[in-house]
Amino acid sequence: MNNSSNAAQKAKISAVGDSSVLIEFENEISPEINAKITSLVRLIKEQQIKGITDMIPSFRALLVNYEPRVISYSRIRRRLSELARFEARTTESSAKIFEIPVCYAGEYAPDIDHIAKRAGLSVKEVIKIHSGRDYLIYMLGFMPGFPYLGGLDERIHTPRLETPRVQIRAGSVGIGGTQTGIYPLDSPGGWQLLGMTPVKTYDPMREQPILFEAGDYIRFVPIDKSQFNEIKAQTEEGTYKCNVHLCS
Amino acid sequence: MGIRVLKPGLLTTIQDLGRTGYQSQGFGVSGVMDTRSFRIANLLLDNPENEAVIEFTLSGPVLEFTSETIIAITGGDFQPMVNKKPIKMYTAVYMNKGDILEFAGCKTGCRGYIAFSSYLNVPMIMGSRSTNIKCGIGGFKGRKLQERDSIIFRQKRRYLPYFLSRTLNLPDFHEIDKREITLRVVLGPQQHHFSKQGVETFLSGVYTVTSEFDRMGCRLEGPLIESRNSKTGTDIISDGIAFGSVQVPSGKPIILLADRQTTGGYAKIATVASVDIPKLAQRKPGNTVRFTDVTVEEAAKLIKDEMNELEDFRKEIHKPCAEVLDSRLVAKRLQKLFVKAGE
């Protein structure tokens with residue numbers, strides 16, 4: 001753990017009303033800056049500061065909700081600025097890689113032809129590119145378990161549909177501009193859909209309703225329709241477990 | 001047994017103070033819009049601070065009681081009636097089996113609350129009984145109440161000491177009859193995305209509550225708030241949103257409320273002081289709002305003051321009332337009870 005010597009890296013802390021504070025790092029989206037947020041969240045959790053009720057990590061900032069009857073603004077501000085001074089501890093990282101099986105075929109992939117055509121690639125190549133790298137979960141937001149993923153290959157960047165679909169099924173994997181993601185529940189949406197996972201990334205009845213956390217990684221693994229049905233059946237029974245690797 | 005919904009009203013949900021601890025995963029908090037009315041309703045019944053209540057909007061439900069309990073109704077004045085006879089708000093009211101609670105109509109405010117001494121038996125999901133309609137979880141089957149829903153009670157809690165003292169004549173904190181209110185705000189966290197003029201406009205302008213006002217947020221109409229950089233506007237890299245934060249997309253404020261999304265990409269010029277959110281929650285479209293800035297410390301002091309005030313209310317309803325000290329009245333009441341028991 002190193003104390004940061006670079007003044008530019010000093011976090012900015014400001015009040016958000018009377019029950020929250022916002023801790024901000026450099027104003028850009030990058031894995032390095034996001035790692036600071038992930039590490040700060042972990043640090044704050046370890047400290048078990050009384051009065052903190054919730055935290056919302058995002059790309060480059062962390063909103064901390066607190067109960068002002070338990071901890072004062074000046075006190076929480078002081079505690080958090082002390083903690084924010086520590087550098088991201090990448091060596092102690094406990095980030096996980098979640099393997100998410102995706103069927104990139106047929107009715108599960110209504111827009112894959114369009115994505116391929118637009119990119120001047122074959123459908124096979126699109127699948128290879130999309131499933132060929134691990135995506136950092138910068139944050140979860142918008143709806144429960146919706147991951148904001150970074151690092152989509154430029155070749156398959158695809159603008160959103162001009163007219164959003166009224167209903168996108170839970171499990172749909174799509175591309176929206178420069179991002180890719182998984183719809184955790186049925187929702188309207190404008191992303192181009194290129195596949196579907198039989199895995200429930202969100203299940204309110206599960207002890208951990210959301211599979212992953214900000215700071216983890218997602219790896220899409222292509223599967224065919226029969227594998228899809230097999231995994232789907234196991235998911236329904238509650239016996240399916242995603243492969244999870246620790247980041248090395 | 002408990003209550004049966006004969007008519008649900010426009011938007012009637014079960015809420016407590018909300019589902020905290022899961023926002024990092026994208027779960028919204030939900031919870032009551034008017035925390036003050038909520039706290040007072042529970043306080044009148046000696047309920048735990050965070051006990052779930054029924055929140056209704058613009059039109060009240062019609063409920064049939066299938067067992068005895070004690071209720072308290074707070075919030076806007078919807079003119080509650082039991083078996084067609086008016087009952088008092090901000091008062092503990094004994095409900096008998098078969099009683100019908102209904103509301104003659106919304107006279108003031110726009111949200112009402114019903115607390116129950118026997119506690120609503122809906123499952124605790126992720127630490128809360130609040131309904132999150134978007135996710136379909138919490139409350140009663142994750143949705144607003146519908147005709148013929150039946151909610152049972154968790155306990156048979158039908159006795160409260162100092163029953164007759166359990167009534168409050170409150171000063172109108174919500175300024176419920178006023179057409180214009182002033183909301184205290186703490187500026188920030190992104191007020192620097194607005195020009196100096198823009199911040200001044202926000203703090204001096206009169207803003208009108210539009211019809212786009214729901215549990216997610218309240219859109220206001222009024223003088224345009226200028227951003228510092230006209231090209232990028234007030235877009236930011238998405239970050240977390242607090243209860244009462246004020247976003248200004250395209251120059252007009254939106255105050256984000258109980259069903260807000262966890263994160264958003266617009267700069268927040270200010271955040272409404274917690275104690276003033278209930279005032280906003282009781283506004284009707286067409287009402288006007290002004291903003292005045294306070295420091296975090298001042299806003300925290302307001303919370304402390306409110307808690308002290310609630311503590312005073314608690315003491316007030318735990319004193320024997322004048323009626324009880326008058327032996328003739330006591331005799332009369334006892335006699336009534338015996339007559340009833342003999343029926």
Side-chain angles (χ1 to χ4, degrees), chain A residues 12-24 26-29 33 37 41 45 52-65 67-69 71-74 77 138-148 184-187 202 204-205 207-215, chain B residues 17-29 123 125-126 132 134-138 142 184-192 236-246 261-265 268 270-277 294-304 306-307:
Chain A
K12 182 185 160 203
I13 302 188
S14 36
V16 182
D18 48 43
S19 305
S20 307
V21 285
L22 185 70
I23 308 160
E24 296 171 89
E26 292 91 320
N27 194 23
E28 60 181 71
I29 298 177
I33 288 162
I37 304 287
V41 167
K45 278 186 185 162
I52 290 184
T53 54
D54 215 346
M55 290 192 270
I56 311 178
S58 48
F59 291 102
R60 36 90 41 186
L62 172 64
L63 187 77
V64 177
N65 297 151
E67 171 53 75
R69 288 184 282 171
I71 188 166
S72 70
Y73 171 64
S74 60
R77 192 191 156 91
Y138 277 105
M139 62 184 242
L140 299 165
F142 169 50
M143 59 172 123
F146 188 89
Y148 285 78
L185 54 159
D186 294 348
S187 152
Y202 161 64
M205 303 321 279
E207 200 183 326
Q208 287 289 334
I210 310 288
L211 273 186
F212 28 67
E213 290 179 12
Chain B
L17 287 172
R19 192 166 283 107
T20 51
Y22 297 91
Q23 290 186 87
S24 62
Q25 299 179 322
F27 279 98
V29 173
I125 293 179
M126 296 156 69
N132 182 332
K134 189 170 153 199
C135 305
I137 59 164
R184 290 163 285 197
V185 296
V186 177
L187 284 177
Q190 285 116 6
Q191 77 270 34
H192 51 272
I236 57 166
I237 297 175
S238 283
D239 64 13
I241 299 173
F243 196 13
S245 271
V246 188
Q261 293 185 1
T262 52
T263 55
K268 287 145 302 255
T271 303
V272 179
S274 299
V275 302
D276 278 357
I277 296 174
V294 293
T295 64
V296 197
E297 289 76 16
E298 283 166 328
K301 169 82 169 40
L302 293 171
I303 295 176
K304 212 174 155 195
E306 182 172 62
M307 288 303 143

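In what follows, chains carry the letters A, B, and so on, assigned in the order in which the sequence lines appear, proteins first and then strands, with residues in each chain numbered from 1. Computed from heavy atoms alone, side chains included, the values below leave out hydrogens, waters and symmetry copies.
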Point to revise | Test salt bridge (Lys or Arg N to Asp or Glu O under 4.0 Å) applied to Lys12(A) - qualifying residues, sequence neighbours left out | key: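 Residues passing salt bridge (Lys or Arg N to Asp or Glu O under 4.0 Å) with Lys12(A): Glu24(A).
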| task | Check salt bridge (Lys or Arg N to Asp or Glu O under 4.0 Å) between Asp18(A) and all other residues, then give those that pass, not counting sequence neighbours. | result |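 Testing Asp18(A) for salt bridge (Lys or Arg N to Asp or Glu O under 4.0 Å), a comparison that skips the adjacent residues, returns none.
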Using non-hydrogen atoms and a 4.5 Å limit, figure out which bit of [X] sits close to chain A: side chain, backbone, both or neither.
X	value
Ser274(B)	both
Lys304(B)	neither
Glu298(B)	neither

Looking at [options], which makes the most heavy-atom pairs under 4.5 Å with chain B?
options	value
Asp186(A), Val64(A), Asn27(A), Leu140(A)	Leu140(A)
Ser20(A), Ser19(A), Ala15(A)	Ala15(A)
Leu22(A), Asp54(A), Ile210(A)	Asp54(A)

_Top contributor to chain A interface from Thr295(B), Val185(B), Ile241(B) [non-hydrogen pairs under 4.5 Å]_ =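 That would be Ile241(B).
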- prompt: Picking from Thr20(B), Asn132(B), Ile237(B), Val186(B), which has the most non-hydrogen pairs under 4.5 angstrom with chain A?
  reply: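 Answer, by heavy-atom pair count under 4.5 Å with chain A: Ile237(B).
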Show your working on side-chain contact (heavy atoms from CB on, under 4.5 Å) between Ser24(B) and Met55(A) and close with a plain yes or no.
CA-CA 6 Å; Ser24(B) 62; Met55(A) 290 192 270; 5.6 Å; no
Where does [X] contact chain B at under 4.5 Å (heavy atoms): side chain, backbone, both or neither?
X	result
Glu67(A)	neither
Leu185(A)	side chain
Glu28(A)	backbone

Evaluate the criterion side-chain contact (heavy atoms from CB on, under 4.5 Å) for residue pair Tyr138(A) and Ile29(A); output intermediate values, then yes/no.
CA-CA 9 Å; Tyr138(A) 277 105; Ile29(A) 298 177; 3.7 Å; yes
| said: Could you tell me if Lys301(B) sits above the aromatic ring of Tyr73(A), with its cationic atom closer than 6.0 Å to the ring centre and no more than 45 degrees from the axis? | reply: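 No - Lys301(B) does not lie over the ring of Tyr73(A) by the 6.0 Å and 45° rule.
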